[in-house]
Each structure stands twice: as C-alpha cells, then as structure tokens.
Number of protein chains: 2
Amino acid sequence: MPRIKQDEPDTHRAMHVVNHLRTLIENGDLLPGDKIPPEREFARSLKVSRASLRTGIGYLAAMGVMKVRHGVGTFIADGPAEFGKTSFSLMGVLHGFQSWQMFEARLILESHLAALAAERGKQEHHAALADEVAEMFGAMDNPSDYIVHDLLFHRIVSQASGNPILAALIETIMSALYDKRRKTVERSIDLRESAEMHREIYRAIRARKPEEARRLMEEHLRMAETAQGMESAADRKAAKTARMGKTARVKPSSITS
Amino acid sequence: MPRIKQDEPDTHRAMHVVNHLRTLIENGDLLPGDKIPPEREFARSLKVSRASLRTGIGYLAAMGVMKVRHGVGTFIADGPAEFGKTSFSLMGVLHGFQSWQMFEARLILESHLAALAAERGKQEHHAALADEVAEMFGAMDNPSDYIVHDLLFHRIVSQASGNPILAALIETIMSALYDKRRKTVERSIDLRESAEMHREIYRAIRARKPEEARRLMEEHLRMAETAQGMESAADRKAAKTARMGKTARVKPSSITS
DNA sequence: ATATATACTGTGGTCTGACCTCTGCGCGGT
DNA sequence: ACCGCGCAGAGGTCAGACCACAGTATATAT
C-alpha cells in the first residue's frame, strides 16, 4: 500500500524511502529503539542510491522519528514523544510568535494538564513530584539549580496527565520559553513563594482535586508570567509595526558566508 | 555567534548550514517567501559541498521552515505556521497515540480557541464563519462536501483566536484526526444537527460570548466524538496488551524491499 | 498576427564511488 | 588485570556527471 504524495518533499525517491520506513513502523516491523540496516546495505536493498536513502532518513531524523548516531548506526526514536523543538523556535522567529502567545498556550495546556494529573496521577508521579518540590525548597538560593527542578516538576505533571500528546505539546512550548528565559537575566523571582505554590499544586494533585490543581496551576503561571517581567505589552505593540517588509528578494552579499 | 550543538544532527557540516540559515532568518536577512541562492552557488559560498548543503536544507524543509520547489528554487516558508503533520502521524503510530487522547487534546484546545475567538474575532472572521455555516447547510446531503466546510469552519475559528501557536497545534491534531476519519466509513452523522451546532457556535462568537462559545464547542466535540463511533473504549483496552515487545533487533528479511 | 509547439536555461534531484571521521571492541603488550 | 593501539563497521563529506522539472524565449504553423 504505497503512500504517495506526502507533503513537502516534492521528490519521490527520498519519499519512497520515507514511506517504506513508515510502513515498516506502522506494521510493527520496526519498534522504538530498533536499529535499521547499514546505509549501504539498506540502500542496495531498496534499490536507491545511498544519497537518496540518506535524504529520506534525514527527513525522518529531522522530525525526531529516527535517531542517527555517527559511527554507530541509525535507530528508531525511543524516548518520549517530542516534536521539533528546534522547529518551534525557528517557526517562532519566522512567524513572530510572541511571548504572550506562548504563555497563553502554556496556560491553557498546563492548567488542564494539572487537572488531568490530579485525576489520573499514579503514586510514582506523586513521589516524583514530592521529590522535586523538596529539591526546589533546597535550591532556593541557587536560581539555576532551582529552575531545573521547576522544569522537572512541570514535566512530571505533564506525564502524570496520561496524555502523551498534550505532554509533547507543552514540552515543545516550554523548551521554547526556556530558551527565551535563559537569555534574559535571572530575574529576581521570589523562589520561596514559587516553591510554595508548587507544593500546593502537588498537594492538590495528590489529593485528587482536579479543579483545585487547575486553579492553582493557572494562578502560578499567571504570576510567573508577570513576575518574570514578560514584556507582553511591549511585544504586543511592537508586533504591529514590524512585519510589513513583504517584498521578496535575495541579498546574496549578506547571505554569503 | 555560531550556534553549536543543535539537537539531533550530530554532524557538523549540515549543522553549520542550518545555523547559518537560522541566523540569517533571525537577523531578518531572510524573510518569509524569500528565495535562497541556487544550491551550487550557495554551497560554494558557504564552502561546503552541495551534498552537505542539501542535507542542511533538507533538515529545515522537513520542519516546514523552508520550502523546496523542484526546478524553481528553495524558499523560506511563508504560509501559516504549520508543524510537521507528517511528523505527528508518524509519532502517533510510534508512541501509540490513541483516538481518545487526540480528542482530549482537541477538546481542550478547541474549546479555548472558541472562547478566544469570541473575544477577539474580527468582522472578517464572522463573515467567513457565516459563509461556512451556510455552505454546511447547503451540503447536508453530501457528506464529503460537508466535511470540507466543517474543517474550514474550525480552521477559521482557530485563526480568529488570534493565537497562531494554538492555531498551529490544533491544525496538526485535526489533520491527524482527519486522516483517521477518512479511512473509516463515512458514518451516518446527523448533518443537520451538526450544522445547527456550528451555527450556534458561530452566533456565540459573533455575539462575543466567550463562555457560551466555549461550552457549545465542547458540547459539539463531545457529541462528534461519540457520534463518529470513536472506539475509545476499545482502544484504551487494547493499549495495555500491546506495547510489550521491548526487545530490539532487526529482521532484515522483512525490511528488505 | 496569433497561437501552438519546441528548444533552451536555470534549478533542484539522483547517482557513483572514493575518501574522511567517529565508535566500539578486540588483541596484544606491560 | 590494566592500558593502549589499531582494525572494522557505520555514518559524514566530497566531487562531478547526469537526470527531471518549470518557466520562458523562440520558432513555426495557421
């Protein structure tokens, strides 16, 4: 059942490779973690040049479906679902994503995530959350350490939600947000207050109180947004003035290395 | 400012190309719709082989940041933000995304989208929505036509939300869901009732009643989920039994073309 | 003069086959 | 038992020729 006409690759050789692999994955012939045959060999068996095979693999690798390790081999991704974070940030600059939009998306997703985590979270998640909260209290005098456990906490919540799709989405957004945050100065957030909010969220989740978890998470994020000096207002204004150089052409001089 | 260590491509030549382009984009030297120099020329100027250049471009193209048109040239993507839909479906089979999870994600995102659309929708959106509703009523005896306008309606709502990030996310999920739906039989949904629900949503949006729009959309989606014979229950059960062939190896025989 | 072929040019797509680099691991020396 | 050297396997890069497609200019027929 040859699947033709994917989306962008207007090419067909590479597409053939992609579809072949896709089929193998869908049929369960290839499972996460599996290694595919060496390029030369695989290329021969598929009757395409190694170059084309590589193009196809590159396509899948770029999407995070496959993982290529120089000198070792090519494997099917096995980690948690993960959309192109690189893609997201690129798309961001390209389409002028703004902080307030990211925050809005995060707020919506994560508040629901917290509610779901409260409904479905398992003991292991509760334990992991407790650990992170503890770590946060212990790292209140070390912002860079603190932020790590902050992220971890939110990641665990997303896993506890039981919906890998939502988890993957929020993960993508968070990483983009993290990139931005890392660039700005380590603002003087009140880490103690932050830690306490996390603790409350944790308690709500453990107590299986979805609505409360949802509300707390929402509150926490709103606070984080303003506290971290989101220039949302400024962004919003700047947005209009920008984005109006629609003419298209190339300036080889500036592009040339 | 060389950005090293992207994510997956452990290679450096191709990465060099990606970073170079990334920088050009971030600096505004390349705007959406722009055409980059011909491969041969560009490769020479970057001092890499054409093959490596192509690898890098392929990476960006796979993420939807660039658009390659055979016989024409390579351009910076200019359409609306769009994450790898292909990626999503691949990831789906790979991580066993299930329908109920997709629906859950859709429900959360789209209900908020409706609320935001009610808050921020502009006249143009209202008009477009009205058009689609009209088309839906006119295509009630033609399911395949109907579904097109159904999708269009939801897409317009996402645009009216004013948050391109959320719009892109829901778009990705919807396309995955659409793929699934297309495969199953054209269920006998009550198109008239569906059309009327859309009309009500439209009215709530036009009347700028966020909460009502939110509620209606939620209701609509829940109904759609059950009406379309979601095998959520079955899925859920099947999920557990599956996914336990963790051993990893290759069966060249079955992989070979 | 208009319209339909046809040829040309520019650009991406594929192929070949040789060579480079990295990883992992085994063999041998200490 | 330990360390290090080197081989083998796998991916990464390269060069250059050639193929395929799209758009345009040109020639030819009506």
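Values below: all heavy atoms of this structure, side chains included; hydrogens, waters and symmetry mates excluded. Every chain is numbered from 1, with letters handed out A, B, ... down the list of sequences.
In this structure, B:N163 and A:A105 approach most closely via the heavy-atom pair ND2-N, 4.2 Å. Here the closest non-hydrogen pair linking A:D150 and A:M136 is CA-CE, 3.7 Å. Contact record, B:A77 with A:L94: O-CD2, 4.2 Å, taken as the closest heavy-atom pair.
Distance alone, capped at 3.5 Å, places no donor-acceptor pair between the A:E41 side chain and the A:P38 backbone. Listed for the B:H154 side chain is no donor-acceptor partner under 3.5 Å among the backbone atoms of B:L151.
Closest-nucleotide positions on DNA chain C for B:R54 and A:R50 were compared, and the one nearer the 5' end corresponds to B:R54.
Residue A:V48 places its side chain closer to C:dC15 than to any other of C:dT11, D:dG12, C:dC15. Nearest nucleotide to the A:S49 side chain, out of C:dC15, D:dG12, C:dG12: C:dC15. Across C:dC15, C:dT11, C:dG13, the shortest atom-to-atom separation from the side chain of B:K35 is found for C:dT11.
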Distances under 3.5 Å between nitrogen or oxygen atoms of protein and nucleotides 19-25 of chain D:
| unit_1 | atom_1 | unit_2 | atom_2 | d |
| --- | --- | --- | --- | --- |
| D:dA20 | N3 | B:H70 | NE2 | 3.1 |

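In this structure, A:T55 does not reach the C:dG13 phosphate: none of its side-chain N or O atoms is under 4.0 Å from OP1 or OP2.
Note: B:F153 and B:H198 have perpendicular aromatic rings, judged against thresholds of 30 and 60 degrees for the angle between ring planes.
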